[in-house]
Number of protein chains: 4
Amino acid sequence: MKLSEKKIQKKKEDIILSAVKIVNEKGYQKATMEEIAAELLMTKGSLYYYFKNKEDLIFQCHEMVLVQAIEELQQHINVKQSNEEKLREMIKTHIQYAIEKKEMFNMIIKPDQTFSEDQLNPILLKRNEYAGLFDQVILAGIKTAEFTIDEPKIARMILLGSMNWIQQWYNPFGSKTIEELQQIYADYMLKVLK
Amino acid sequence: MKLSEKKIQKKKEDIILSAVKIVNEKGYQKATMEEIAAELLMTKGSLYYYFKNKEDLIFQCHEMVLVQAIEELQQHINVKQSNEEKLREMIKTHIQYAIEKKEMFNMIIKPDQTFSEDQLNPILLKRNEYAGLFDQVILAGIKTAEFTIDEPKIARMILLGSMNWIQQWYNPFGSKTIEELQQIYADYMLKVLK
Amino acid sequence: MKLSEKKIQKKKEDIILSAVKIVNEKGYQKATMEEIAAELLMTKGSLYYYFKNKEDLIFQCHEMVLVQAIEELQQHINVKQSNEEKLREMIKTHIQYAIEKKEMFNMIIKPDQTFSEDQLNPILLKRNEYAGLFDQVILAGIKTAEFTIDEPKIARMILLGSMNWIQQWYNPFGSKTIEELQQIYADYMLKVLK
Amino acid sequence: MKLSEKKIQKKKEDIILSAVKIVNEKGYQKATMEEIAAELLMTKGSLYYYFKNKEDLIFQCHEMVLVQAIEELQQHINVKQSNEEKLREMIKTHIQYAIEKKEMFNMIIKPDQTFSEDQLNPILLKRNEYAGLFDQVILAGIKTAEFTIDEPKIARMILLGSMNWIQQWYNPFGSKTIEELQQIYADYMLKVLK
DNA sequence: CATGAATGAGAGTTCATTCAT
DNA sequence: AATGAATGAACTCTCATTCAT
């Protein structure tokens, strides 16, 4: 029982990973079920054993990434440290995701052109949950006078927007390592908040 | 000759405008030639008199938007004023475009999923030209000590990234007017640069 | 205008006729758009220029047959003659349709497995209209004492049911001509009514 | 041996019953092996242990129903009573089947769209056997002058045709009970024969 | 015996593209 | 200069069937 359920879960994850990869190379529309399957040496028919349809598959891609990312952010928040320190860590995490799992994050950015009403809502909710973690730390930082801004919501959007943009230009063979980028971004972002 | 050429040019522009509109409501893939034509009370067959194919049409959409935007930015640069003032104006312009002509900007963001190698290059060049105008003012500002940052390229990317993100969440019926947004963004962005 | 509209109408009818033919040889599910098109030396894609989808095409098949048949029945009713005579003619007409246009009548028999709710209703309405013409004459005949039955509705159903069954066994090379069949059926059916 | 064979036989019957049920709710094509299996809490793979393929399964459904119905008819024939009485009973039986086991009868009506040549023949034979029982009683009745018709074959077809039609319109919540219907039909049918 | 998983052929549908008129 | 009509390739999805375990 447990074994076979785990097996099926593992397979689903494999498919999701493949889907994420293809979708990001080609975009949602051009990513065909055939290609997603081929990546795993399966045939497209098999995908429908695990997922109801293409939309469902892509939907679960979203879920997976966001749940993972939220968990990781939460850990930074739970650590006893200043809000500035917390935010630094969160920024680093976000950048890491945005670059290394670029594929996944891309899908989160424009769900409205991809999903039907039914599935759009849960995604937006999770997205808000994610963003809310940043809000939470920013607001806490304002209370402790670590940050001094009037528009915390907009500041958060600047944060996320600028970081999401990284994948547009980041080149692993460029002159900056990821660690350097994380450092610089954290510094510059904190300039906005202070 | 000249007359008929102008007529053709006019028609081309009409089509481009229609295309831009549809593409942005639905995304590149879901925007059909039929719908683009219908908007102008034409039939899709006719579009092929003016454009080689769909990719060509969309390509020219890009060109048009970027050329316009570049021109506008250039005007701000040409005015005699401090670099900070210049940048403020450019930021306002960019936000205006990103919101009001959101449709057009969207296409510029992820050209690689849309275009074939042939057409990708010219687009990237124009995009760099656009970004270069920001670089130019930032560097000038560093020289005059108006700005004090070590990583002007990254700063510029933060600028553009955060502004491009606005269209993800901007709601015309939200609590902030465009003018307020422009103001706040300009303020916060300058905090980064100083 | 009128010309091109007529042309398109003609084409639609051609397609409908082809559809009716194939559907009846193979049944709704096994009748493929490809085969319907091939019959007319077209490709399946072309069908979608004329009909929204398969269901729509088949739906229009129904409409066409029923409208034709209703018209023909109506003509017999309009003639000045005894109700018995009217009914005889109507029976002959129905049998003719059921045999010669067997293909079309078959589809009318079990619409519920074929159509979605939306299209089912109009079909049932037309079917009732058709049946209603028989009711009308039967009731008139009862009033004039030509017929003497207590259950006119059931009698009508016996009429139609037995006639629809003909196509199950009718063989053009069998021992009875259509005319003979029409005669015998009319005689036997009137025995029920008297 | 015998035990396990009986077990298998029992299972086969269960599957057939499930198949009959599903086939009639949805029609042959839309009845999937999966659903037929699910009804019995099995998986579709298992069905192939008992039946060669879908066609074979459906074929055996036919056999089962017809054999049952033939047996029942035969019993009425064996009873010592007038041919009119025999026929009355047979009509009642047929109507009962056509309504209560409507599912099964439906499949018998249009076998040619379902079966390949191989399996078509045995089915048609059984169908003829079934119809033959009616012929037998009708002919006997003509000999004893209970019935007075010239075309017994056609009369039989009218009988069966009109009764098969009942399922098209019968509604369990309608104004007539099955018993009433049986009565009325028997009366009207005998009017044809006399 | 039963199943879980995979397959592959084929269905309906969409749409960019073509071309005679 | 425009269009109506046709095309065909590509896509998503379904399902009977197979087979190792």
Side-chain angles (χ1 to χ4, degrees), chain A residues 1 3-5 7-8 11-12 28-37 40-58, chain B residues 4 7-8 11 28-37 40-58, chain C residues 1 3-5 7-8 11-12 28-37 40-58, chain D residues 4 7-8 11 28-37 40-58:
Chain A
M1 295 299 158
L3 189 74
S4 75
E5 256 180 41
K7 248 186 178 174
I8 214 177
K11 194 89 193 186
K12 273 190 170 187
Y28 175 69
Q29 299 277 352
K30 284 199 176 168
T32 70
M33 293 299 267
E34 189 132 37
E35 207 173 353
I36 292 169
L40 300 164
L41 305 177
M42 306 170 82
T43 56
K44 60 182 165 177
S46 310
L47 297 187
Y48 289 86
Y49 183 77
Y50 297 96
F51 299 93
K52 210 170 123 271
N53 52 30
K54 190 180 176 183
E55 198 186 346
D56 179 35
L57 167 55
I58 304 301
Chain B
S4 74
K7 251 187 178 174
I8 284 191
K11 195 90 192 181
Y28 173 67
Q29 297 279 351
K30 286 197 176 171
T32 68
M33 294 299 267
E34 187 127 41
E35 208 172 352
I36 292 169
L40 300 164
L41 306 178
M42 307 170 81
T43 54
K44 59 182 166 180
S46 312
L47 298 185
Y48 288 84
Y49 181 78
Y50 298 97
F51 299 92
K52 207 168 127 270
N53 52 29
K54 190 180 177 184
E55 198 186 345
D56 180 35
L57 166 56
I58 304 301
Chain C
M1 297 293 161
L3 189 73
S4 74
E5 257 180 40
K7 247 186 178 174
I8 214 176
K11 194 89 193 183
K12 272 190 172 187
Y28 175 68
Q29 300 277 354
K30 285 198 176 170
T32 69
M33 295 298 268
E34 189 133 36
E35 206 173 354
I36 292 169
L40 300 165
L41 307 178
M42 306 169 83
T43 56
K44 60 180 168 179
S46 309
L47 298 186
Y48 289 84
Y49 183 78
Y50 297 97
F51 300 92
K52 209 170 122 272
N53 51 30
K54 191 180 177 183
E55 197 186 347
D56 180 35
L57 167 55
I58 304 301
Chain D
S4 74
K7 252 186 177 173
I8 285 192
K11 196 92 193 181
Y28 173 67
Q29 298 279 351
K30 286 197 177 171
T32 68
M33 295 297 268
E34 186 127 41
E35 208 172 354
I36 292 169
L40 300 163
L41 307 178
M42 308 170 78
T43 54
K44 59 182 166 180
S46 313
L47 298 185
Y48 288 84
Y49 181 79
Y50 298 97
F51 300 92
K52 208 169 124 270
N53 52 30
K54 190 181 177 183
E55 198 187 344
D56 180 35
L57 166 56
I58 304 301

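Sequence lines set the chain letters: A, B, ... in the order given, protein chains first and strands last, and positions in each chain run from 1.
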Quiz item: In the structure shown, which nucleotide is the Watson-Crick or G-U wobble counterpart of dG8(E), with both distances under 3.5 Å?
Solution: dC15(F)
Practice problem: Find the distance Lys44(C):NZ to dC11(F):P and express it as a whole number of Å. | Solution: 14 Å
Quiz item: Counting only side-chain N and O atoms of Tyr49(A), is one of them less than 4.0 Å from OP1 or OP2 of dA5(E)?
Solution: yes
Practice problem: Send over the distance from Leu47(D) CG to dT17(F) P, rounded to a whole Å. | Solution: 11 Å
Practice problem: Please state how far atom CD in Glu34(B) lies from atom P in dT17(E), giving the value in whole angstrom units. | Solution: 14 Å
Quiz item: Counting only side-chain N and O atoms of Tyr48(B), is one of them less than 4.0 Å from OP1 or OP2 of dA2(F)?
Solution: no
Practice problem: Take atom CG of Asn53(B) and atom P of dC19(E), then tell me their distance rounded to the nearest Å. | Solution: 14 Å
Practice problem: Give one of base, sugar-phosphate or nothing for Tyr50(D), where a contact means two heavy atoms less than 4.0 Å apart. | Solution: sugar-phosphate
Quiz item: Separation of Met42(D) atom CE from dA16(F) atom C1', in whole Å?
Solution: 16 Å
Practice problem: Report the distance from atom NZ of Lys11(C) to atom OG of Ser46(C), rounding to the nearest 0.5 Å. | Solution: 8.0 Å
Self-check item: Shortest side-chain distance from Lys54(B), nucleotide among dA16(E), dT17(F), dC13(F)
Solution: dA16(E)
Quiz item: When you measure from the side chain of Thr43(B), which nucleotide among dG4(F), dT12(F), dA2(F) comes out closest?
Solution: dG4(F)
Quiz item: For the atom pair OG1 (Thr43(A)) and CD (Glu34(A)), what is the distance rounded to the nearest 0.5 Å?
Solution: 8.5 Å
Practice problem: Would you give the length of the straight line joining atom CZ of Phe51(D) to atom CD1 of Ile58(D), rounded to the nearest 0.5 angstrom? | Solution: 9.0 Å
Practice problem: Remember a base hit wins even if backbone is also touched, and classify Ala31(A) as base, sugar-phosphate or nothing at under 4.0 Å, heavy atoms. | Solution: sugar-phosphate
Quiz item: For Glu55(D) and dC15(F), what is the distance between atoms CD and C1' respectively, to the nearest whole Å?
Solution: 16 Å
Quiz prompt | Under 4.0 angstrom between Ser46(C) side-chain N/O and dT7(F) OP1 or OP2 | solution = yes
Quiz prompt | dA10(F) - base-pair partner by Watson-Crick or wobble geometry, distances under 3.5 Å | solution = dT13(E)
Exercise. For Leu47(A) and Met42(A), work out which heavy atoms get closest and say how close.
Key: CD2-SD, 4.4 Å
Quiz item: Closest nucleotide of DNA chain F for Gly45(A) versus for Gly45(B): which of these residues is on the 5' side?
Solution: Gly45(B)
Self-check item: Of Leu41(A) and Ile8(D), the one whose closest DNA chain E nucleotide lies more 5'
Solution: Ile8(D)
Exercise. Can you tell me the distance, in whole Å, between the CD1 atom of Ile36(D) and the P atom of dT17(F)?
Key: 11 Å
Practice problem: Return no unless some side-chain N or O of Lys11(C) is found under 4.0 Å from OP1 or OP2 of dA6(F). | Solution: yes
Quiz item: What is the pairing partner of dT21(E), taking Watson-Crick or G-U wobble pairs with both distances under 3.5 Å in any strand?
Solution: dA2(F)
Exercise. Please report the closest heavy-atom contact between Tyr48(C) and Asn53(C), naming both atoms and the distance.
Key: CE2-CA, 3.8 Å
Quiz prompt | Donor-acceptor under 3.5 Å (Lys54(A) side chain, Tyr28(A) main chain) | solution = yes
Quiz item: Which whole-number value in Å describes the distance from Lys30(B) NZ to dT13(E) C1'?
Solution: 14 Å
